[in-house]
Amino acid sequence: MDVKFEKPYDPKEVEEKIYRKWEESGFFNPEKLPGKREKPFTIIMPPPNANGHLHAGHALFITLEDIMTRFERMRGKKALWVPGADHAGFETQIVYERELEKQGRSRFGMDPKQLYDEILAFTLENKKNMETEVRAMGASCDWSREKFTLDQDVISETQRTFKQMYDDGLVYRGSRIINWCPKHQTSLSDVETEFKEQADPFYYIKYGPFTIATARPETKFGDKYVVMHPDDERYKEYKEGQKLEVDWMNGKITATVIKDEAIDMAFGTGVMTITPWHDQTDFDIAERHNLDKEQIIDWRGKLLPIAGEFAGMKINEARPKIIEKLKEKGLLIKVEENYKHNVKVCYKCGTAIEPQIKDQWFVKMKPLAKMAIDAVEAGKIKFTPENYKKIFLYWMENTLDWNISRQIVWGIPIPAKLCPKCKTGVPDLDDSIKTCPACGGAAEKDPDTFDTWFSSGQWPYLVLGYPESPDFKNFYPTDVMETGHDLIFRWVPRMVIFGLYRTGKVPFHTVYLHGLVNDVKGKKMSKSKGNVINPLELSKKYGTDALRIGLVVGNTPGTDLALSEDRIRGYKNFANKIWNVSRFVLTNTEEADLSSKPELTEEDKKILDELKTTVTDVTQDMENFRYYIAAEKIYHYFWHTFADKIIEEAKNKIKAGGAEKLSAQWAIFEILTTALKLLHPFMPFITEEIWPHVSKPGNMLIVEKYPD
RNA sequence: GCGCGCUUAGCUCAGUGGUAGAGCGACCCGUUUACACCGGGUAGGUCCAGGGUUCGAAUCCUUGAGCGCGCACCA
């Protein structure tokens with residue numbers, strides 16, 4: 001045995017070399033694994049965005065998924081972990097727009113083709129960085145199967161899904177209220193918006209015989225319907241459909257009385273006027289009563305000619321002027337300052353969302369959600385932690401139709417033709433439709449792209465080459481979907497829905513949701529706060545193994561982690577401990593003949609029984625996704641039982657010589673090799689580095705059999 | 001408003017019916033060749049509060065308080 005270890009352990013020298021060794025071995029590819037392996041174990045990696053560098057959250061998910069993969073590989077499964085890269089539509093386009101801004105350019109007015117090509121080049125560059133960083137984390141994923149979300153087969157299959165859903169009546173073209181971001185000039189789905197609490201003045205305005213209240217006077221120019229609850233005694237003299245002459249912002253108008261139960265009698269005066277074009281509730285009321293809808297604010301957030309002298313003004317500029325005018329006209333009754341309400345904003349830029357009516361493609365969610373609910377209730381998908389099942393079901397039961405059109409170039413084109421005349425839209429996969437099937441007019445290509453989640457929701461089966469590839473037959477459904485708990489709404493339900501819809505099977509059997517990685521104070525990391533911890537730096541400073549186990553120990557699924565450097569430093573010391581224990585064991589067993597099991601002392605038998613108990617215990621935790629506790633148990637056993645007690649006592653036994661010595665040598669050697677195997681999923685580099693010294697040169701721990 | 005969590009040692013958090021745990025930090029002692037990236041030891045907790053179930057509750061039930069998160073609404 002060769003015991004020429006340097007001291008202390010230096011991860012820098014080891015990690016790259018070991019990773020290369022793994023890649024050259026081919027063992028990341030399940031087909032190249034040694035031995036007969038029947039059962040597959042599959043994880044599809046949530047593809048990191050190819051628009052920047054890895055952050056701490058990536059480091060955590062790579063570690064967890066690598067632990068799962070390495071564990072199952074060592075247990076003799078055909079382990080497959082497929083890496084990917086996400087073009088990340090809207091997100092990447094925003095990142096690139098910032099780049100453009102820095103150069104004094106803007107995407108608006110740019111030729112779409114040129115913009116697309118520039119973003120593509122930018123993305124491919126970042127993709128390379130991202131891949132290098134995933135490797136640096138020790139990910140044992142099969143690079144030969146890597147997929148990019150804009151690979152041609154992914155695009156084609158995504159587009160086919162769209163067509164199929166249209167044919168099945170699950171996708172429709174609709175003129176409905178959507179979330180419009182005036183800065184980014186695109187519509188957004190509900191999960192791409194957030195609510196921000198804001199304090200604004202609340203204006204009480206005279207509207208004929210009524211008083212209405214609003215925080216948004218600038219939308220009120222076209223309000224010609226006044227709505228109250230049918231049971232409201234205060235207004236029972238007014239009848240549905242009754243017309244009233246009202247002196248309004250820009251002169252006299254005719255208002256119509258509408259009765260609708262959506263009105264909250266207790267709120268404000270119990271009367272409101274509606275702006276169907278710019279408000280969901282108002283839109284719904286207008287739909288129910290078949291009322292006119294008129295656009296007041298344009299796509300850039302400026303007032304239209306209906307606003308009279310205010311036309312062309314931005315909302316914030318117009319508002320005080322409008323209030324001034326209302327005052328002059330004697331229409332302003334009172335102002336309540338500091339009215340707190342929630343404003344919907346774009347989740348990326350924080351700009352107030354302007355609801356608008358727009359012709360878009362929508363997915364009818366109810367029937368799809370039903371399939372997902374049934375699958376989960378039938379136990380076909382399990383959640384870790386379990387309470388996310390409730391959250392999943394709750395969301396699924398309350399889902400709304402999903403707008404999948406985006407007015408950005410960076411994405412998968414919606415394969416459809418639109419008729420500018422009659423607004424009809426039809427899918428067209430092979431660009432063969434030239435005239436509108438409804439009115440015969442010239443059909444134009446839909447310039448929009450899909451919401452990223454429309455394609456990434458199909459990721460599990462697209463990655464495996466659905467429907468033709470043998471990989472799909474061999475590895476689908478996958479075993480685990482491991483992702484952040486913030487994606488429980490954005491991503492997980494869509495994968496379940498699409499998986500069931502297109503393949504008839506759930507895409508995965510287990511959903512493991514990790515928490516967010518926050519800074520040491522538990523605050524969310526963000527560039528603007530300057531509290532971002534770069535995992536690559538930690539890896540360089542303390543070693544990847546230390547980073548990995550530091551991210552996992554005590555980190556229960558679903559719970560956010562406050563990451564401190566101290567924590568990682570502690571595990572660097574542990575790596576060094578492993579190193580030194582290995583040196584000790586090797587130097588003290590070097591001349592011993594351990595080719596066959598010697599007669600063991602009673603005490604050593606007991607020690608080895610205890611090892612077995614630990615193995616069983618840890619294995620059970622591993623099988624049940626309790627990595628946070630498994631890691632801690634191995635750590636504790638290795639350091640405070642093995643190193644502090646067993647080895648300390650072994651020193652005397654070795655000195656004593658004879659049978660006692662040989663027994664002790666056998667025991668410590670056995671414990672070391674077993675412990676290295678248990679540790680390998682968590683700390684793959686150092687354990688792999690040591691392995692040839694305790695095994696035969698050339699043997700690799702990555703494919704050793706997990707102890708039992 | 002609805003939903004989901006959390007509240008345990010100075011800090012970060014495990015534990016989830018049977019005499020309170022870890023890491024980090026603090027304090028004291030110790031350089032016996034695997035390791036000072038170390039070893040030995042010490043201090044520190046009415047396990048948020050009240051009520052209940054139980055032989056026994058940090059753990060189960062119930063009420064309440066505080067905190068966090070998600071969803072929805074807000075004319």
Side-chain angles (χ1 to χ4, degrees), chain A residues 3 5 7-10 190-191 194-195 197-198 202-205 207 210-217 219-220 223 226-228 260 262-264 266-275 279-282 285 339-344 385-395 397-400 485-486 488-489 515-516 518 520-522 524 542-543 546 549-550 553-556 558-588 626 628-629 631-633 635-636 639-640 643-644 647-648 650-651 668 672:
Chain A
V3 200
F5 282 23
K7 62 169 194 174
Y9 173 62
D10 182 10
D190 290 320
V191 292
E194 287 172 358
F195 284 98
E197 193 177 81
Q198 202 168 294
F202 197 48
Y203 306 99
Y204 287 80
I205 304 166
Y207 187 87
F210 308 107
T211 302
I212 59 154
T214 184
R216 300 203 56 191
T219 65
K220 299 274 150 212
D223 287 11
V226 59
V227 193
M228 55 218 81
D260 195 285
I263 301 298
D264 178 358
F267 189 89
T269 57
V271 182
M272 70 172 191
T273 60
I274 57 167
T275 315
D279 184 278
Q280 181 71 52
T281 311
D282 296 4
I285 292 171
Y339 166 66
K340 279 196 187 126
H341 61 149
N342 289 320
V343 181
K344 217 182 215 187
E386 283 168 8
N387 67 298
Y388 276 85
K389 176 182 169 181
K390 267 194 235 168
I391 298 175
F392 179 93
L393 289 174
Y394 179 83
W395 194 75
E397 276 152 14
N398 294 286
T399 186
L400 301 168
H485 71 64
D486 53 328
I488 184 69
F489 298 136
L516 306 179
N518 293 323
V520 68
K521 291 184 195 115
K524 196 171 173 175
Y542 303 108
I549 195 163
V553 171
N555 186 2
T556 45
T559 309
D560 295 350
L561 176 76
L563 180 64
S564 73
E565 262 197 65
D566 276 346
R567 192 186 170 92
I568 308 301
R569 186 154 36 80
Y571 291 105
K572 177 184 188 263
N573 297 348
F574 180 52
N576 197 47
K577 193 75 183 178
I578 296 170
W579 194 250
N580 282 303
V581 165
S582 301
R583 288 175 54 213
F584 176 86
V585 171
L586 285 167
T587 45
N588 285 282
R626 294 189 297 257
Y628 61 100
I629 194 92
E632 197 184 322
K633 279 176 188 162
Y635 171 89
H636 209 259
W639 199 318
H640 300 299
D644 290 350
I647 285 191
E648 286 310 314
K651 284 177 183 173
I668 59 171
L672 176 64

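All figures in this text were calculated on a predicted structure; none of them were measured in a lab. So that the names make sense, note that chain A is the first sequence line, chain B the second, and so on, each numbered from 1.
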Query raised in the report: What is the distance from CG of D264(A) to C1' of rG1(B), rounded to the nearest Å?
Result: 11 Å
Query raised in the report: Quick one: which of rA34(B), rC73(B), rG23(B) gets closest to the side chain of N580(A)?
Result: rA34(B)
Query raised in the report: Atom CD1 of I578(A) to atom P of rC38(B): distance rounded to whole Å?
Result: 13 Å
Query - Pairwise C1' distance for rU59(B) and rU54(B), with rounding to whole Å - result: 13 Å
**Report entry** nucleotides 67-72 of chain B: protein proximity per nucleotide (B base, S sugar-phosphate only, - neither; heavy atom, under 4.0 Å)
**Finding:** ---S-S
Query raised in the report: Expressed in whole Å, how much space separates the C1' atoms belonging to rG25(B) and rC13(B)?
Result: 14 Å
Query raised in the report: Taking atom C1' of rC73(B) as reference, at what distance in whole Å does atom CG of D279(A) sit?
Result: 11 Å
**Report entry** Interatomic distance, F574(A) CZ vs rA22(B) P [rounded to whole Å]
**Finding:** 16 Å
Query raised in the report: What distance, rounded to whole Å, do you find between the two P atoms, one in rG41(B) and one in rG21(B)?
Result: 15 Å
Requested in this report: Ignoring backbone atoms, test whether T281(A) places a side-chain nitrogen or oxygen under 4.0 Å from the OP1 or OP2 oxygen of rC73(B).
Outcome: no
What's touching nucleotides 11-16 of chain B from the protein side, N or O pairs under 3.5 Å?
from	atom 1	to	atom 2	distance (Å)
rA14(B)	OP1	T556(A)	OG1	2.7
rG15(B)	OP1	Y628(A)	OH	3.2

Requested in this report: Please tell me which of the listed nucleotides, rG23(B), rC38(B), rA34(B), lies nearest to the side chain of K651(A)?
Outcome: rA34(B)
Report task. On the 0 to 90° scale, with breaks at 30° and 60°, tag the Y204(A)-F202(A) ring pair as parallel, tilted or perpendicular. Result -> perpendicular
Report task. Using the C1' atom on both, measure rC61(B) against rU19(B) and round to a whole Å. Result -> 25 Å
**Report entry** Separation of rG3(B) C1' from I488(A) CD1 (nearest whole Å)
**Finding:** 14 Å
Query raised in the report: What integer number of Å spans the P atoms of rU12(B) and rC48(B)?
Result: 15 Å
Query raised in the report: R583(A) CZ to rA34(B) C1': how many Å, rounded?
Result: 6 Å
Query - rA9(B) to rA20(B) separation - P atoms, rounded to the nearest Å - result: 15 Å
Requested in this report: May I have the distance from M272(A) (atom CE) to rC73(B) (atom C1'), rounded to whole angstrom?
Outcome: 12 Å
Query raised in the report: Hey, what's the ring geometry for Y9(A) with W579(A), parallel, tilted or perpendicular (30° and 60° as the breaks)?
Result: tilted
Query raised in the report: Rounded to whole angstroms, how far apart are CZ on F267(A) and P on rG1(B)?
Result: 15 Å
Report task. For nucleotides rC71(B) and rG64(B), find the distance between their C1' atoms and express it as a whole number of Å. Result -> 25 Å
Report summary line: Among the nucleotides rC74(B), rC38(B), rC24(B), whichever has the atom closest to the side chain of Y635(A) is rC24(B)
Using residues 564-573 of chain A as the side-chain source, report each donor-acceptor pair under 3.5 Å to any protein atom, sequence neighbours left out, with the distance given to one decimal.
from	atom 1	to	atom 2	distance (Å)
S564(A)	OG	R567(A)	N	3.3
E565(A)	OE1	K541(A)	NZ	2.9
E565(A)	OE1	Y542(A)	OH	2.6
D566(A)	OD1	R569(A)	NH2	2.1
R567(A)	NE	G550(A)	O	2.7
R567(A)	NH2	G550(A)	O	3.4
R567(A)	NH2	V553(A)	O	2.4

Query raised in the report: Does V581(A) or V227(A) map to a spot on RNA chain B nearer the 5' end, using the closest nucleotide for each?
Result: V581(A)
Report summary line: side chain to side chain donor-acceptor pair (under 3.5 Å) test vs T275(A) passes for just one of D223(A), T214(A), T281(A), namely D223(A)
Query raised in the report: Sequence neighbours excluded, which residues qualify as salt bridge (charged side-chain N to carboxylate O under 4.0 Å, His left out) partners of D282(A)?
Result: none
Query raised in the report: Hey, which of these two, R569(A) or F584(A), hits RNA chain B nearer its 5' end, going by closest nucleotide?
Result: R569(A)
Query raised in the report: So, is W639(A) near the phosphate of rG39(B), with a side-chain N or O under 4.0 Å from OP1 or OP2?
Result: yes
Query raised in the report: Roughly how far apart, to the nearest Å, are rU8(B) and rA49(B) at atom P?
Result: 10 Å
Query raised in the report: Base, sugar-phosphate, or nothing for Y339(A), non-hydrogen atoms under 4.0 angstrom?
Result: sugar-phosphate
Report summary line: Applying the Watson-Crick and G-U criteria (both distances under 3.5 angstrom) with [ ] for crossing and | for other-strand pairs, one obtains for RNA chain B ((((((((.[[[[.)..(..]]]].(((((.......))))).....[[[[[..)....]]]]])))))))....
Every protein N/O within reach of nucleotides 5-9 of chain B N/O, cut-off under 3.5 Å:
none

